[in-house]
Every structure is written in structure tokens, then in C-alpha cells.
Number of protein chains: 2
Amino acid sequence: METKTAPAKRTGGRSALVLGAVKRATEELIEEKGQERLTVPMIAERASVNPTSIYRRWGDLPSLINDIATYRLDPARPLPESGTLRGDLAGWAQEIVAHYRNPVNAALLRGGAAVAGDRESDCLRNRRAEATMFVERHPESELSADRVIDHLVAPIVYRAIFLPWTLDDDTANRLVTELFAS
Amino acid sequence: METKTAPAKRTGGRSALVLGAVKRATEELIEEKGQERLTVPMIAERASVNPTSIYRRWGDLPSLINDIATYRLDPARPLPESGTLRGDLAGWAQEIVAHYRNPVNAALLRGGAAVAGDRESDCLRNRRAEATMFVERHPESELSADRVIDHLVAPIVYRAIFLPWTLDDDTANRLVTELFAS
DNA sequence: CGCTTAATGCAACTCCAATTGCGTTAGAAT
DNA sequence: ATTCTAACGCAATTGGAGTTGCATTAAGCG
């Protein structure tokens with residue numbers, strides 16, 4: 001039997017323009033209207049793009065929001081390399097706090113939470129991968145990725161979702177201190 | 001001037017029946033369809049109630065879901081009184097874990113997360129009140145309600161939302177141990 | 001450059017969520 | 001029992017989300 005070669009994706013040019021316009025429009029509107037008052041046609045109009053294009057690319061609104069929420073923090077961005085696990089985690093936590101103090105990112109996170117629950121659609125999976133990388137880089141520490149998630153990521157995310165006004169400047173440092181005190 | 005007496009609310013009889021039927025229908029359907037595939041007319045039909053009644057009571061679907069998510073754990077239920085803060089928190093945490101291992105409650109939590117972000121619509125405000133009550137009952141401890149939220153409630157809620165399959169039997173006890181180790 | 005077809009645009013259509021006005025029922029108070 | 005009116009049911013309507021078929025554009029590639 002003949003092997004079917006995958007059709008060539010077209011990622012550049014106009015497609016890239018549409019992608020960027022849709023992402024920008026979604027980020028703008030999610031801040032203005034909030035996650036639940038958002039619709040696909042609204043995004044399409046703001047992006048000067050046809051609604052059909054959005055439906056065909058993402059299927060529905062929750063998938064779009066989850067997609068943007070997942071990749072807004074670039075997975076290829078440089079991560080802290082301070083020489084110590086504590087230093088790395090402190091810098092990393094500060095970055096995450098700063099990220100979610102942006103109302104746009106907090107709203108996207110809530111959208112991601114709304115559609116979470118299965119292994120595929122976890123908009124925070126990159127955080128877990130990064131946590132694992134940090135603890136494996138410093139095997140002398142006894143910290144596990146699980147504990148980093150539970151006592152560093154979880155409190156930040158919890159506050160970002162439910163108590164965003166409590167995400168202040170020293171949240172990250174306080175949590176890191178408490179994590180290493182145990 | 002004459003003081004306007006508030007119009008008498010009608011909480012019993014038919015109204016109570018409608019309320020109960022709507023809550024039951026929502027809980028059933030949110031498990032079957034998930035939070036984002038849910039609509040008001042669907043709930044109305046399942047509850048044998050007119051959609052108009054739901055719209056007039058709650059306004060929209062997010063408000064309804066948030067309302068149910070907030071009061072599903074009865075605020076008047078008995079809380080642990082073991083004599084020690086650690087014992088109280090352990091029992092309390094176990095109850096919360098058990099609660100969110102129920103897929104219905106996890107789905108409701110995700111719905112509550114979707115509409116969170118301001119001081120009024122926090123479906124977890126009762127947990128914070130309970131945590132405050134526990135630490136105030138045992139002033140000899142140095143634990144603050146904030147730390148209980150950060151290192152006990154937040155990890156449970158985070159897992160319930162994003163990693164529900166990791167909420168196993170000893171999650172609560174492990175978190176309590178880690179909380180008191182620091 | 002020219003070919004192929006992926007991706008978008010456009011328009012018409014369907015379907016259902018959400019609104020509104022009005023009549024009916026029944027909870028609460030006296 | 002009677003009154004008042006909150007809460008519900010019903011029906012008609014509207015508005016927009018989402019779908020589909022076809023034409024158009026342009027990205028990828030030899």
C-alpha cells in the first residue's frame with residue numbers, strides 16, 4: 001500500500017496574519033468583556049477576519065481560549081539559571097506571578113480552567129514540565145515536582161483565578177520561603 | 001417619610017420545588033455534558049420547568065452555576081472539632097477532597113472558576129471563612145488563614161480543576177503533614 | 001514561473017438561546 | 001377566608017451563534 005504523505009501545512013503569509021489578528025483580538029476582548037461574554041463572531045469582527053475561519057481552525061470558542069492560554073507564555077523562553085534550585089524557583093515564580101497579574105492572562109486562565117479536566121486540555125502542562133526540569137537540574141535537593149506544583153504553582157494559580165487582588169509583589173518570594181522552610 | 005417594607009419573598013411551596021428541580025437537573029447535566037456544553041433550556045426541560053423562570057431568577061447560566069457551586073457544601077454543616085488544629089484541618093481537608101472527587105462538584109468548580117475574579121462571585125469564599133474560624137479557634141498555633149488557603153485549599157482546588165485524576169486518598173493527609181512540617 | 005490545493009472569504013440558511021408581554025397560580029400576611 | 005402580588009407558565013418573537021456549499025486567494029514546491 002502507498003503511504004499517504006501528509007498535506008503541506010501553510011503556516012506563513014496570510015494564515016499567520018489571521019492567526020495573529022485572532023489572538024490579539026481575543027486578548028483584547030477577553031479583557032473588555034470577560035471570558036463568558038465572549039463570542040466567536042465578536043472576535044472575528046475585531047480581527048477583521050471571517051468567523052468561518054475561526055470555526056474551521058479551532059472548532060469552538062473554548063478550544064480557542066484554551067489554546068491561547070496554553071501558549072501565551074512561550075515554551076521556548078529562557079528560564080532562570082541562578083545556580084541554585086531556590087534561586088531558579090524564585091525567579092520562575094516571580095515570572096508566573098507577574099504573568100497572571102496581567103488581567104488578560106488571568107481571564108485566559110479562567111477560560112482554561114473552565115474546559116480543563118482531561119489529560120489533553122491542561123493549559124498548565126508547560127508549568128509542570130518546567131517544574132520537573134528545575135528539580136531534575138538539582139538532584140541534590142529533595143524537592144519533587146509535585147511539591148513545587150502544590151505549594152508554589154497552585155497557590156499562585158488559585159489566587160490568580162479566585163483572588164486576583166491578593167497577588168502582590170512579594171507573593172512569589174513568600175511562597176518560595178515557605179516551600180524551603182519545610 | 002415612610003419606610004418601604006421589603007416585598008415578602010416566597011421561598012416555600014412551588015418556588016422551593018422549582019429551585020430544587022433546577023439544582024438537581026443542573027447537577028445531573030453538568031456531569032453528562034460538561035460545563036461548556038450546558039444551556040439554560042436544557043436544564044429547564046430536565047427540571048420540567050419553564051426556561052423563563054430560570055432566566056428571571058438567575059439572569060444567566062454562569063450565575064446559576066456559580067450559585068450552585070457556592071452552596072453545594074452546606075455552610076451550616078458540622079465542622080470537625082478534634083481538639084487540635086491539626087486534627088481539625090485534617091478532617092476538613094479530607095472532606096474537601098472527597099467533595100471534589102465527585103465529578104459533579106469538580107465540574108461546578110470549573111464553572112465557578114470561569115466566572116470568578118471579583119470579590120462578590122467567589123464560590124470558595126466559604127472555605128476561607130472556615131479556615132479563618134479554625135485558626136482563630138486555636139490561637140496558640142502560629143498558622144494563618146492565608147497559609148491554610150495557600151498550602152491546603154489551593155493545592156486541592158488546583159488538582160480538582162486541572163488534574164482531577166491525581167486527587168487520591170492520601171492527598172489531604174500529605175498536604176496537612178507538609179503544612180505542619182514548615 | 002506555474003501547478004496544486006490549503007486556507008480564507010462570502011452568502012445563505014438553520015437552529016436555538018434569550019427576551020418580552022400577558023395571563024395564571026399560589027405563597028404570605030391580615 | 002380574603003387580599004395582594006411574587007413567582008411561574010405560555011406563546012410569540014427576535015437576534016445571533018454556528019453550519020454549509022461554493023468561489024477566491026495565495027502558500028508551498030518543483
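The analysis underlying the following values was restricted to heavy atoms, covering all of them including side chains, and did not include hydrogens, waters or symmetry mates. Quick note on labels: first sequence line is chain A, next is B, and so on, each numbered from 1.
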(request) Using a cut-off of strictly less than 4.0 Å, decide whether Thr52(A) has a side-chain nitrogen or oxygen near OP1 or OP2 of dT20(D). (result) no
(request) Look at Arg101(A) together with Asp169(A) and state whether they make a salt bridge at an N to O cut-off of under 4.0 Å. (result) yes
(message) What I want to find out is whether Glu27(A) reaches Arg24(A) closely enough, with some N-O distance under 4.0 Å, to be called a salt bridge.
(response) no
Which nucleotide wins on minimum distance to the side chain of [X], given the candidates [options]?
{"X": "Arg14(A)", "options": "dT8(C), dA11(C), dA7(D)", "value": "dT8(C)"}
{"X": "Tyr55(B)", "options": "dT20(D), dC8(D), dA17(C)", "value": "dA17(C)"}
{"X": "Val18(B)", "options": "dC8(D), dT8(C), dA17(D)", "value": "dC8(D)"}
{"X": "Arg10(B)", "options": "dT4(C), dC4(D), dC10(D)", "value": "dC4(D)"}

Rounded distance in Å - [atom1] ([X]) to [atom2] ([N]):
{"X": "Leu64(B)", "N": "dA18(C)", "atom1": "CG", "atom2": "P", "result": "12 Å"}
{"X": "Asn50(A)", "N": "dG21(D)", "atom1": "CG", "atom2": "P", "result": "16 Å"}
{"X": "Leu19(B)", "N": "dA6(D)", "atom1": "CG", "atom2": "P", "result": "19 Å"}
{"X": "Ile54(A)", "N": "dT19(D)", "atom1": "CD1", "atom2": "P", "result": "13 Å"}
{"X": "Leu38(A)", "N": "dA17(D)", "atom1": "CG", "atom2": "P", "result": "10 Å"}
{"X": "Arg37(A)", "N": "dA17(C)", "atom1": "CZ", "atom2": "C1'", "result": "14 Å"}
{"X": "Lys9(A)", "N": "dC29(D)", "atom1": "NZ", "atom2": "C1'", "result": "17 Å"}
{"X": "Asp60(A)", "N": "dG18(D)", "atom1": "CG", "atom2": "C1'", "result": "11 Å"}

(message) With nearest nucleotide decided by heavy atoms, which residue, Pro41(B) or Thr11(B), maps closer to the 5′ end of DNA chain C?
(response)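 Mapping each residue to its closest nucleotide by heavy atoms, the 5'-most match is Pro41(B).
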(request) Please figure out whether Ser15(A) or Thr39(B) has its closest DNA chain C nucleotide nearer the 5' end. (result)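 That would be Ser15(A).
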(message) Looking at Arg125(B) and Asp122(B), would you say the former's side chain and the latter's main chain have a donor-acceptor pair under 3.5 Å?
(response)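 A pair under 3.5 Å: yes.
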(message) Between dG18(D) and Arg56(A), counting only base atoms on the nucleotide and side-chain atoms on the residue, is there a donor-acceptor pair under 3.5 Å?
(response) no
(message) Checking Arg128(B) now: which residues fulfil side chain to side chain contact (heavy atoms under 4.5 Å, CB included) with it, not counting sequence neighbours?
(response)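 With neighbours one apart ignored, the set is Thr132(B), Asp146(B), Ile149(B).
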(request) Applying salt bridge (charged side-chain N to carboxylate O under 4.0 Å, His left out), run through Arg37(B) and Glu32(B) and close with a yes or a no. (result) CA-CA 9 Å; Arg37(B) 310 291 179 196; Glu32(B) 299 174 16; over 6 Å; no
